[in-house]
Amino acid sequence: MDNVYDYAKTEKRLLEYWRKEKIYKFNPNSEKPIYSVDTPPPTVSGAMHIGHSASYTQQDVIVRYKKLRGFEIFYPFGTDDNGLPTERLIEKLKNVKAVKMDRQKFIELCLSTLKEIRPDFVNDWKKIGMSCDFDVFYSTIDEHCRRVSQRSFIELYEAGREYRKKAPTVWCPVCETAIAQVELEDKELESQFNDIVFKTEDGKDLIISTTRPELIPSIVAMFAHPDDDRYKGLFGKKAKAPLFDIWVPILPDEKAEPEKGTGIVMCCTFGDQTDIEWYKQHKLPLRISITKDGKMTDLAGKYKGMEIKEARKVIIEDLEKEGLLKGIKKIKHPVNVHDKCGTEVEILETEQWFIKYLDLKKEFLKSGKEMKWRPKHMRNRYDNWIKGLKWDWCISRQRFFGVPFPVWYCKNCSEVILADKKSLPVEPLKDKPPVKICAKCRCREFIPEKDVFDTWATSSLTPKIAAELFKNHKIFKKLYPMSMRPNAHDIITFWLFNTVVKSRMHDKVNPWKDIMISGWVLDPHGKKMSKSKGNTIAPQDILEKYGADVLRFWATNTKLGEDVRFREEDLLRGRKVLVKLWNASRFVNTFKTEGKTKKEHVTDLWIKSKLSKVIAKATKSLDEYEYSSAKKVIIDFFFRDFCDFYLEMVKYRLYSNDKASKNSAINTLREVLFDVLILLAPYTPYITDELYLILFSYKKSIHLEQWPISKKIRVSAEVRKTKYEEIGDLLVKVVEKIRKWKTDNKIGLGNEVEELTLSGVKELSNLKGEIKGIMKINKLNLKTSPKLKIN
RNA sequence: GGGCGCAUGGUCUAGUUGGUUAUGACGUCGCCCUUACAAGGCGAAGGUCCCCAGUUCGAAUCUGGGUGCGCCCACCA
């Protein structure tokens with residue numbers, strides 16, 4: 001064995017060895033119980049980030065543990081690589097603009113670029129030691145996923161769960177697509193209240209306060225609170241908007257808050273959610289003054305064609321010129337922006353596809369209760385989200401690189417023509433509809449749907465996508481619903497919730513039994529990492545500098561669900577552990593066993609009993625997904641009990657002439673080390689396998705071994721009488737005492753002591769020789785006074 | 001505004017069901033090249049466990065209230 005552990009060489013070699021030996025291969029014909037994992041498919045974004053490396057390690061530790069526990073592991077790997085994020089990535093990498101390109105060419109460019117970058121991207125996950133079967137692979141844009149996704153659409157349409165409707169929709173004017181409620185983000189923006197003069201029928205001034213004067217051309221009504229004395233007399237009358245000569249009714253509604261602004265508000269189609277509610281409730285007309293690309297429409301008259309913000313500025317200037325602007329108040333207020341691009345969203349009336357699910361809120365909440373959440377409190381986020389849902393799920397996107405809707409429309413009567421399920425996946429822009437003639441109106445011409453699915457419409461199907469990679473229906477039933485879904489807390493409302501929705505709708509089941517929610521990696525000050533702030537850490541650099549085991553050791557420091565601050569110093573602990581493991585193993589490896597143990601020694605029994613308790617605790621913790629507390633127990637044992645004490649306690653025996661005692665020590669060293677390596681294998685899979693292959697090598701890999709069982713130590717009644725557990729603990733205390741005494745007296749620990757008197761350890765009179773051997777004392781006197789003391 | 005979480009030596013952190021002296025790491029200081037390990041070993045100093053009140057023989061831990069920080073949601077005239 002080398003004196004120093006070369007992590008770089010070893011990790012590279014083992015990664016290849018595992019692949020070649022198919023250590024993590026899923027065997028669908030296995031008789032073992034299956035543990036199936038709905039692995040999160042990372043969004044292809046160029047490179048794995050530090051948050052990925054942490055959360056994927058956390059889940060991998062659990063999966064590796066389950067494998068050692070004897071489960072057949074179904075742990076697929078996929079990449080999420082369609083939709084807006086991918087379009088943005090490709091636009092950046094290839095310096096193109098999707099809107100300005102031929103659609104088909106852009107799609108081809110996306111596909112070819114993905115093919116280029118995907119292997120390197122996935123490779124990072126392999127390097128950190130993920131125990132996935134990387135042959136069970138999918139990409140959310142590949143043929144298989146398109147088929148599953150389109151079939152899901154058709155089935156839900158047939159089940160009456162989907163509808164297409166022209167309705168107010170949240171719209172991003174930069175990405176020029178509809179987006180879903182979940183894609184909204186808050187952003188605190190500088191703005192101003194503009195006090196604008198409207199005129200009543202009898203020519204009086206009516207001041208309203210608005211942040212969005214450019215929406216005046218969209219005004220359809222004015223509202224005040226029914227009890228607001230200032231405006232009570234005006235209800236039912238009309239008012240005229242400035243600059244545009246639009247007359248609108250003044251109406252009462254309780255949603256108008258007297259304290260806000262001047263207490264009277266203009267209702268425009270559409271400024272916000274309330275406008276939509278008023279529009280529906282009061283059956284107001286529709287006046288759209290903003291185009292899909294964020295410009296003013298014809299309705300805006302002389303402002304037509306201006307950008308929204310430009311129009312706002314010019315309108316304010318014009319109002320001022322006409323003396324219709326009574327005041328300006330600077331404010332900061334939260335605005336909904338698109339999470340992908342930060343643009344302030346608009347609400348436009350467009351034709352979109354929706355999944356109807358607001359009626360199923362109760363059922364979704366029930367599902368949430370049925371699944372086991374770790375940590376438990378994360379379910380609150382799921383519940384809160386469902387309770388706050390206001391929109392049906394808009395699944396259509398006016399984009400290019402995504403799974404197409406398997407739909408055509410009759411040119412004459414707009415009848416929906418669905419693709420034939422057998423011919424999926426289809427691409428309506430290229431493929432012909434399955435019928436030649438519209439059954440409803442006999443028309444022979446059809447219009448293909450151009451829209452693509454929201455990415456979550458596809459990724460919400462990952463449990464089925466993965467399980468259906470196997471054609472055999474029997475195995476599908478064993479894999480789905482899955483045992484466990486790991487995901488970070490930020491996508492509970494996206495991916496997790498949407499997956500529940502699909503599973504409930506399709507199969508009336510929950511997609512998984514357990515949910516494991518991991519936290520985020522923050523910068524050293526506890527702030528979110530982001531490229532724009534320049535505070536990101538590249539896991540690739542850590543892999544290079546410290547190796548995967550150290551990265552993994554660090555990633556499992558904090559409790560499940562907690563955010564971790566990244567500080568490079570914290571990596572050092574992991575490196576220490578590797579060095580210690582290597583050196584302790586190297587030491588153990590220098591001794592060869594000479595057959596079975598004949599008579600067990602007190603200290604040997606003591607360490608085994610400690611180990612047994614550690615195994616029990618670690619097992620219990622890991623069953624609850626508490627990888628960090630399990631690790632702590634194991635590492636504490638390894639460092640303190642095994643290295644600091646046991647190794648030192650047996651040295652004098654290892655170098656003695658008492659063969660039985662020596663052999664018992666060697667056997668115990670090997671037994672305990674063997675178990676320790678397995679206990680740590682989920683955390684540091686590389687070094688533990690390397691040491692296993694050097695010292696034990698019973699199987700092809702430590703990862704094919706069995707998790708140790710917390711065994712009762714079998715000893716004769718006579719031995720039990722020796723109370724080896726208590727005696728061992730006492731011996732540890734004595735060793736500590738003598739060490740301190742030696743240090744205090746500036747005597748090297750290796751130096752012999754001529755004579756020493758210990759008091760208060762009558763129980764150890766049988767172990768006098770032991771203490772002398774361990775602590776290198778020539779003459780030891782034991783006294784019986786009450787306190788453990790050195791005289 | 002609603003919900004959830006967090007608060008422990010200079011720094012980061014453990015502490016599942018209340019029980020002697022509160023865990024470990026980094027940093028600091030002292031000693032030691034002891035036949036696995038100097039990327040080490042041994043030892044030391046350093047804490048009103050955020051505040052207040054309560055329950056209890058006993059609270060870092062349980063209950064109530066407060067403060068600070070973070071996250072999610074709502075608000076967006």
Side-chain angles (χ1 to χ4, degrees), chain A residues 1 3-5 181 184 186-189 191 193-194 208-212 215 222-224 255-257 260-268 271-275 278 331 333-336 344 375 377-385 387-390 489-490 492-493 519-520 522 524 526-528 557-559 561-565 567-570 572-576 578-590 617 620-621 624 626 628-629 631-633 635-636 639-640 643-644 647-648 651 654-655 735-736 738-752 776:
Chain A
M1 270 176 93
N3 282 353
V4 179
Y5 174 59
Q181 186 180 344
L184 296 177
D186 280 359
K187 202 165 155 186
E188 192 76 20
L189 287 180
S191 183
F193 267 123
N194 305 287
I208 68 123
S209 228
T210 180
T211 54
R212 301 206 56 188
L215 285 177
M222 298 182 77
F223 285 99
K255 282 198 277 289
E257 292 172 40
K260 262 192 190 171
T262 56
I264 187 159
V265 55
M266 62 176 191
C267 168
C268 307
D272 62 20
Q273 175 75 27
T274 320
D275 287 342
W278 279 329
I331 54 156
H333 71 158
V335 178
N336 274 332
E344 292 169 59
H377 69 257
M378 287 293 178
R379 205 188 91 210
N380 289 318
R381 299 203 182 191
Y382 172 90
D383 287 358
N384 276 349
W385 175 254
K387 287 174 191 160
L389 271 179
K390 282 193 177 140
H489 56 53
D490 54 325
I492 289 175
T493 54
W520 273 17
L522 306 172
K527 298 275 172 239
K528 242 188 200 178
N557 274 347
T558 35
K559 275 196 295 189
E562 299 275 284
D563 294 343
V564 205
R565 297 186 192 193
R567 301 186 314 155
E568 188 161 355
E569 309 92 274
D570 294 339
L572 299 177
R573 176 68 177 160
R575 189 165 67 177
K576 260 185 159 177
L578 298 199
V579 170
K580 199 79 171 172
L581 265 175
W582 186 259
N583 286 322
S585 302
R586 208 155 51 89
F587 177 67
V588 172
N589 195 35
T590 53
K617 275 189 193 162
K620 198 180 161 206
S621 293
E624 287 298 317
E626 285 168 15
S628 59
S629 43
K631 188 181 82 175
K632 188 177 155 42
V633 173
I635 288 295
D636 282 354
F639 264 75
R640 196 183 140 76
C643 292
D644 291 353
L647 280 187
E648 298 302 328
K651 270 182 186 168
L654 292 169
Y655 298 113
V735 168
E736 276 184 313
I738 300 175
R739 275 178 184 166
K740 183 167 158 44
W741 177 82
K742 278 190 165 183
T743 303
D744 287 350
N745 290 282
K746 310 204 169 171
I747 301 166
L749 289 175
N751 295 357
E752 290 193 356
K776 306 198 173 168

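Numbers restart at 1 for each chain; the letters A, B, ... are given by sequence-line order, proteins then strands.
- Across the C1' atoms, B:rU8 and B:rG47 are found 8 Å apart, a figure rounded to whole Å.
- Contact check on A:Arg739 versus A:Glu736 returns no salt bridge, with no Lys/Arg side-chain nitrogen under 4.0 Å from an Asp/Glu carboxylate oxygen.
- OP1 or OP2 of B:rC12 lies within a sub-4.0 Å distance of a side-chain N or O belonging to A:Arg565.
- Nucleic acid contact class of A:Arg575 (heavy atoms, under 4.0 Å, all strands): base.
- Counting to the nearest Å, the C1' atom of B:rC42 and the CG atom of A:Asn745 are 13 Å from each other.
- Distances shorter than 4.0 Å separate some side-chain N or O of A:Lys390 from OP1 or OP2 on B:rC75.
- Straight-line distance from the NZ atom of A:Lys260 to the C1' atom of B:rG1: 11 Å, rounded to whole Å.
- Side-chain proximity of A:Arg573 to the nucleotides B:rG24, B:rA74, B:rG41 is greatest for B:rG24.
- No hydrogens or angles considered: nothing links the side chains of A:Lys742 and A:Asn751 as a donor-acceptor pair under 3.5 Å.
- Sequence order on RNA chain B of the closest nucleotides to A:Leu522 and A:Asn557 puts A:Asn557 first from the 5' end.
- Between A:Thr743 and B:rC31 there is no side-chain N or O to OP1 or OP2 distance below 4.0 Å.
- When the P atom of B:rA36 is taken as reference, atom CZ of A:Arg586 falls 9 Å away, rounded to whole Å.
- Along RNA chain B, the nucleotide nearest to A:Ser585 and the one nearest to A:Lys740 differ in position, and the one closer to the 5' end is contacted by A:Ser585.
- Taking 4.5 Å as the limit, some side-chain heavy atom of A:Asn583 sits within range of a side-chain heavy atom of A:Arg586.
- Using a 4.0 Å heavy-atom cutoff across all strands shown, A:Glu752 reaches no nucleic acid atom at all.
- Within the structure, every side-chain polar atom (N or O) of A:Gln273 is placed at least 4.0 Å from both OP1 and OP2 of B:rC73.
- Dashed line: the shortest gap from a side-chain N or O of A:His489 to OP1 or OP2 of B:rC4 is not under 4.0 Å.
- Across all strands, A:Asn3 comes closer than 4.0 Å to no nucleic acid atom at all (heavy-atom distances).
- The base of B:rU23 is not paired with the side chain of A:Lys631 by any donor and acceptor separated by under 3.5 Å.
- OP1 or OP2 of B:rG41 sits under 4.0 Å from a side-chain N or O of A:Lys580.
- A close approach under 4.0 Å does occur between a side-chain nitrogen or oxygen of A:Lys651 and OP1 or OP2 of B:rA36.
- For the OP1/OP2 pair of B:rC26 and a distance below 4.0 Å, the side-chain nitrogens and oxygens of A:Lys576 include at least one atom meeting the criterion.
- No engagement by A:Trp520 is indicated, since no non-hydrogen atom pair under 4.0 Å with the nucleic acid exists.
- Under 4.0 angstrom from either OP1 or OP2 of B:rA36 there lies at least one side-chain N or O belonging to A:Tyr655.
- Ring orientation note: the planes of A:Trp582 and A:Tyr5 are tilted relative to one another, at an angle of 30° to 60°.
- Taking 3.5 Å as the limit, the base of B:rC26 and the side chain of A:Asp570 contain no donor-acceptor pair of atoms between them.
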